[in-house]
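Proteins get letters first, then strands, A, B, ... in listed order; numbering begins at 1 in each.
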2 protein chains.
Amino acid sequence: MTKLTFEISMSLDGFVAGPNPTLEQPLGSGGDLLHEWVVPLEVFRERHGLEGGETNSDSAFVEETLANTGAHVMGRRMFSGGEGPWEDDPNASGWWGDDPPFGASVFVVTHHPREPLTLGATTFSFVTEGIEEAIRQARDAAGDRDVQVSGGASVADQALDAGLLDELLIHVAPLLLGTGVRLFERVDPRPIELVRVVHSSRVTHFAYRVG
Amino acid sequence: MTKLTFEISMSLDGFVAGPNPTLEQPLGSGGDLLHEWVVPLEVFRERHGLEGGETNSDSAFVEETLANTGAHVMGRRMFSGGEGPWEDDPNASGWWGDDPPFGASVFVVTHHPREPLTLGATTFSFVTEGIEEAIRQARDAAGDRDVQVSGGASVADQALDAGLLDELLIHVAPLLLGTGVRLFERVDPRPIELVRVVHSSRVTHFAYRVG
């Protein structure tokens with residue numbers, strides 16, 4: 001059985017985005033700081049068409065996760081930041097330009113139907129039947145590889161409380177954001193099982209089993 | 001210069017106590033689960049007058065912290081769970097019985113003046129001039145050892161935002177509580193520096209420099 005994993009970078013005080021997101025600053029004020037650890041890595045730069053970069057304990061963790069991921073599921077807000085009909089969404093092609101870094105099928109949970117969108121090696125499919133159906137389609141697309149729920153916080157909390165997730169991969173960045181979008185805003189209480197911790201001075205990676 | 005440290009056990013979703021605290025269950029519903037990792041340790045049992053127990057990577061971390069701690073600061077709520085005049089507080093001698101496990105001076109921040117209270121090897125002093133004065137008195141009492149802010153969440157957040165803390169020691173327990181008392185409810189945004197991570201299957205210990 002392949003795994004359904006949720007992966008995200010979080011501040012020590014539990015935020016996965018800062019306050020006041022805009023089209024120019026989709027992660028809100030200070031939100032880019034959550035991802036400072038990943039930007040210098042070779043594995044990140046390669047996916048964004050850049051050369052060079054670092055290889056270290058952080059990149060090993062990321063590479064292992066990426067190698068096992070065959071499809072992604074995300075919320076509409078994470079895809080474009082918008083809501084409502086697609087023709088009114090100024091960011092309807094998503095945040096990632098002509099060649100998004102997924103290189104795999106991405107299933108976007110939305111209330112608004114739309115034909116699939118292919119950009120570079122990534123195809124976005126739009127699923128209006130809810131998160132469970134999006135996960136089912138992603139499992140079909142992933143074959144024997146894992147499916148990753150990529151965010152945002154609301155989709156992740158829903159998947160967790162519905163008992164759908166097998167694993168949480170949380171990258172805890174060394175900062176306090178104070179306000180913004182909280183992960184785990186009010187999830188159901190439950191024990192989880194710590195299976196792995198890897199850290200550098202820039203970030204701590206946690207893997208928890210939640211199934 | 002000696003350090004001012006804040007130490008606490010927290011769930012992955014950021015809670016340091018569960019909902020609905022009572023005199024019988026001061027940490028609220030599910031809150032005891034935050035401390036399950038420490039109860040089997042020899043260093044914990046010894047402080048509570050019990051024999052036996054485990055020594056492992058968790059106990060090494062706790063022992064090192066305790067050895068360096070010369071005085072504690074805590075809020076009134078953490079001391080007794082009460083508020084208002086002491087004569088109306090049914091738990092005015094605190095949670096810990098005749099021989100509290102501190103073995104050091106404890107400075108309790110309160111609005112209500114009171115003579116010092118000695119129980120076993122611990123003396124509680126009651127400070128009505130605010131947290132900065134409590135920390136000043138604790139530093140005097142600790143001499144060349146460190147001072148620990150022991151909670152609760154509100155006192156810790158105040159000390160952090162006032163720039164008083166040098167270090168955060170956070171024990172992240174493998175569970176989600178969903179509701180209760182949040183640490184970092186809304187602190188000022190700031191970078192912090194990860195200085196140490198130690199973990200077992202039961203808990204992950206973080207040390208962050210915040211000065």
Checklist entry - For the residue pair Phe44(A) and Trp37(A), is the inter-centroid distance of their aromatic rings smaller than 6.0 Å? => result no

Item to check | CA sep, side-chain torsions, deciding dist, call: Glu167(B), Thr65(B), side-chain contact (heavy atoms from CB on, under 4.5 Å) | outcome: CA-CA 12 Å; Glu167(B) 193 174 68; Thr65(B) 306; over 6 Å; no

Item to check | Option in Leu168(B), Thr204(B), Asp188(B) with maximal non-hydrogen atom pairs under 4.5 Å from chain A | outcome: Thr204(B)

Checklist entry - Which answer fits Leu177(A), side chain, backbone, both or neither, if we ask what part of it has an atom under 4.5 Å from a heavy atom of chain B? => result backbone

Checklist outcome for this item: Pair count under 4.5 Å, heavy atoms only, with chain A: among Leu175(B), Val172(B), Val210(B), Ile192(B), highest is Ile192(B)

Checklist entry - What part of Ser11(B) is in contact with chain A, defined as an atom under 4.5 angstrom from a non-hydrogen atom: side chain, backbone, both or neither? => result neither

Item to check | Region of Arg202(B) in contact with chain A, defined by heavy-atom distances below 4.5 Å | outcome: neither

Next on the checklist: Taking the ring centre of each residue, are Trp95(A) and Phe79(A) less than 6.0 Å apart?
Outcome noted: no

Checklist outcome for this item: Turns out that what part of Ser29(A) lies under 4.5 Å from chain B's heavy atoms comes down to neither

Checklist outcome for this item: Applying a strict 4.5 Å limit to non-hydrogen atoms, the region of Leu160(B) in contact with chain A is side chain

Next on the checklist: Is the shortest side-chain heavy-atom distance between Phe102(A) and Arg47(A) below 4.5 Å?
Outcome noted: no

Next on the checklist: Does His111(B), at its NE2 atom, have more than 12 non-hydrogen atoms belonging to other residues, nucleotides or ligands within less than 6.0 Å?
Outcome noted: no

Checklist entry - Can Asp146(A) and Thr69(A) be counted as having a side-chain donor-acceptor contact under 3.5 angstrom? => result no

